[in-house]
Amino acid sequence: SPSILAVPKETPANNLKEFVALVKSQPGKFSFGTYGAGTSSHIQGSLLNLQGGLDMVHVPYQGGAPLVNAMLGNQLSAAFLDAGSS
């Protein structure tokens with residue numbers, strides 16, 4: 001299924017370019033959540049870090065439900081979610 005990069009609505013970025021600029025402007029402050037180590041969402045986050053020159057910390061969760069709850073609770077700066085979980 002398609003994946004989505006989700007950020008809390010309070011994040012002052014309206015698109016990926018603005019989000020990358022925001023993360024670069026505040027090194028060490030941002031994290032991204034995934035379904036777990038080695039999952040497709042982990043790979044997507046690692047690629048964003050690599051290709052964007054970012055330093056977001058990977059925070060693995062044990063599946064979609066805990067990941068979505070963490071996003072809703074503003075415990076993460078971003079998450080890679082499948083379309084169904086979004």
Side-chain angles (χ1 to χ4, degrees):
S1 70
S3 295
I4 296 168
L5 171 61
V7 299
K9 64 180 176 178
E10 296 84 14
T11 303
N14 295 311
N15 55 51
L16 182 58
K17 184 177 180 179
E18 290 178 5
F19 181 71
V20 167
L22 177 65
V23 173
K24 282 184 172 185
S25 74
Q26 299 176 46
K29 182 179 176 186
F30 291 85
S31 60
F32 70 95
T34 69
Y35 304 117
T39 62
S40 60
S41 60
H42 180 201
I43 293 167
Q44 292 162 345
S46 295
L47 282 172
L48 178 59
N49 266 345
L50 181 67
Q51 293 175 345
L54 307 179
D55 67 345
M56 291 190 296
V57 174
H58 174 228
V59 182
Y61 286 85
Q62 293 182 344
L67 176 57
V68 170
N69 283 336
M71 278 298 297
L72 292 173
N74 289 321
Q75 297 169 344
L76 293 168
S77 306
F80 285 88
L81 303 169
D82 65 273
S85 296
S86 299

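Predicted model only: the values in this text are computed from it and were never measured.
Atom CG of Asp55 sits about 11.0 Å away from atom CD of Gln26, to the nearest 0.5 Å.
Annotation for Gln62: atom CD does not count as buried by contact number, only 12 or fewer foreign heavy atoms lying within 6.0 Å.
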Indicate every side-chain donor-acceptor pair of residues 69-81 with a distance under 3.5 Å to a residue at least two apart or in another chain.
{"from": "Asn69", "atom 1": "ND2", "to": "Ala65", "atom 2": "O", "distance (Å)": "3.4"}
{"from": "Ser77", "atom 1": "OG", "to": "Ser31", "atom 2": "N", "distance (Å)": "3.1"}

Using distance only, find each side-chain donor-acceptor pair of residues 15-22 under 3.5 Å and give its atom names and separation, not counting sequence neighbours.
{"from": "Asn15", "atom 1": "OD1", "to": "Lys17", "atom 2": "N", "distance (Å)": "3.2"}
{"from": "Asn15", "atom 1": "OD1", "to": "Glu18", "atom 2": "N", "distance (Å)": "2.8"}
{"from": "Glu18", "atom 1": "OE1", "to": "Asn14", "atom 2": "N", "distance (Å)": "2.6"}

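Val59 and Tyr35 fall within a single hydrophobic cluster, where Ile, Leu, Val, Met, Phe, Trp and Tyr side chains are chained together by heavy-atom contacts under 4.5 Å. Transitive grouping of hydrophobic side chains (ILVMFWY, heavy atoms separated by less than 4.5 Å) brings Leu5 and Leu54 into a common cluster.
Under the ring-ring contact (aromatic ring centres under 6.0 Å, His included) criterion, Phe32 pairs with His58, sequence neighbours left out.
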